[in-house]
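What follows is a single structure, written as structure tokens, with notes after it.
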Amino acid sequence: MARDVPSTPNHIRLTSHPGQGTTGAPAIQWGAADPLLRGPIVGSTVNRSQRNVIGTHSGSYGVYRALAVAAGSLERGHRTDLTNTSPTDVIGPHPQWADPHKIVSIDPWGAMVARVYADYIEQGYDIRPTLAVTRAHIDLPEIRQAMAFGRLKADGEVLLENGSAVVTKVAVEPVWWLPGVAERFKVSEGELRRTLFEETGGMYPELVTRSDIEVFLPPIGGQTIYIFGNPQDLANPAVTLTARVHDECNGSDVFGSDICTCRPYLTHAIEECIAGAQSVAHGGRGGVGLIAYSRKEGRALGEVTKFLVYNARKRQVGGDSADKYFLRTECVAGVQDMRFQELMPDVLHWLGIRKIHRLVSMSNDKYDAITGSGIEVGERVKIPDSLVPADARVEIEAKIAAGYFTDGSVPDEAQLAAVKGRGLS
Ligand SMILES: Nc1nc2c(ncn2[C@@H]2O[C@H](COP(=O)(O)OP(=O)(O)OP(=O)(O)O)[C@@H](O)[C@H]2O)c(=O)[nH]1
Ligand SMILES: [Zn+2]
């Protein structure tokens, strides 16, 4: 490993120093329809005078990049070679991209920077994609099972004979336009900036010293989109869209933990998306399917908090029960949920979506955020009862009592108290 990295500066230079100015930093006019007028996002950590954002690229992985530079395995200021990296499918531009209030947490031009900002890149600006579009085959045991039971049939297009589904997938990194984010949360921009500064331990001084810089690349996880069928159809409200927006639950999604409904609901949604995208001749709906997966582990409380809550739930007097489900979370975390679905619809607007015909979710927070942002929702598809693991009854009944969508009855207090989970074994 090369340890002699000569380019690390001896003096720390603070971008918060007002004397430094923004000479050379392109202006950003958020929501401008013309990408050149909107201006490129420049988050280079090397050429400070060209930066027009607070923070840096890659979300939380920016810290690993720093580590790689510190360890000498990455050359400081390495420029991405964008040869052959362009999107496999063109998405947009859609009219929503030109509305500064519809999209505030994604750079809509993030997948095509190499093309639209080619001149800037030629002049030496370090402009990096914040979105990447590719294609893949996904292979899930639940989908092969659905084929074995005759619920899905291969069509050679969306679903192959070997059980793989063909998808277009998009990786999304967050790019926050602070005035718009503040507006979403109904707080002043100053209040948002000060709180972000203080609650990150003063990590980004520019939040409070550089009010002229409005864009923040936050050190958080992003999203991944999986599209079944033609991505262009997402923007056509006449094409039936089956969609699920899903928040990360590593324990269930990946490891099959049975305390919640996350993986079964996700795989059910994938099955619905495949059927939704298949042709009518193959038993499908002749539409398009979408899964938007957000890195918001444990309702964005993080996995440590989540596991603490599991212990508290299962050790409480009387054992784990649905009536105490949210109370235990609140006791540990101080809040039930920190996901804030307010920013979630941005990705749907980026895709040009105006109508979701079948929303595979029971969450009232998701529903309210989506419809509140101007997207029409038709049917809401709940998780089939047979897919709810025994130990996840506590969660699902507590959610229904708290306002989640159901086509059955809402449990009362006594019924909730009677729904019990397993002990700690
Ligand atoms: N803190 C905490 N988080 C949980 C618990 N159980 C599940 N989660 C998290 O809750 C989130 C569930 O998100 P989704 O699967 O999108 O579901 P939802 O928002 O409840 O709504 P649906 O769309 O109806 O499934 C994930 O981030 C999980 O990690 C729990 O007991 N405590
Ligand atoms: Zn879960």
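Values in this document were obtained by computation on a predicted structure and should not be read as measured data. First listed ligand is number 1; within each ligand, the first listed atom is number 1.
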Electrostatic pair [X]-[Y], nearest N-O below 4.0 angstrom:
X: E342; Y: R184; result: no
X: E272; Y: R358; result: yes
X: K186; Y: E183; result: no
X: D337; Y: K296; result: no
X: D126; Y: R128; result: yes
X: D320; Y: R313; result: yes
X: D258; Y: R263; result: no
X: R295; Y: D247; result: no

*Minimum non-hydrogen distance to atom 12 (C) of ligand 1, winning option of R339, K366, R299*: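 Ranked by closest heavy atom to atom 12 (C) of ligand 1, first place is R339.
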Within a distance under 4.0 Å of any heavy atom of [X], pick out the atoms of ligand 1 and give their elements.
X: Y325; value: 5 (C), 6 (N), 30 (C), 31 (O)
X: M362; value: 22 (P), 23 (O), 24 (O)
X: R244; value: 14 (P), 15 (O), 16 (O), 17 (O), 22 (P), 23 (O), 25 (O)

_Can you list everything that forms a ring-ring contact (aromatic ring centres under 6.0 Å, His included) with Y125? Sequence neighbours excluded, please._
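Checked Y125 against ring-ring contact (aromatic ring centres under 6.0 Å, His included); matches are Y120.
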*Do the two ring centres, one from F340 and one from F185, sit under 6.0 Å apart?*
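So the answer is yes for these two rings.
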Between ligand 1 and [X], can you find any atom pair, the residue atom being a heavy atom, that is separated by under 4.0 Å?
X: Q341; answer: no
X: Y310; answer: yes
X: L301; answer: yes

For [X], is at least one N or O under 3.5 Å away from an N or O on ligand 1?
X: R313; result: yes
X: A300; result: no
X: Y265; result: no
X: T329; result: no

*Listing residue and atom name, which protein N/O/S atoms are closer to the Zn ion (ligand 2) than 2.8 Å?*
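Short answer, with waters excluded from the count: C249 SG, C260 SG, C262 SG.
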*For atom 27 (O) of ligand 1, find the nearest protein heavy atom and state the residue, atom name and distance (0.1 Å precision).*
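I find the closest protein heavy atom is E248 O, 2.8 Å.
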*Cation-pi check, R380 onto Y367 ring (under 6.0 Å, within 45° of axis)*: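 Judged by the rule, R380 and Y367 form a cation-pi pair.
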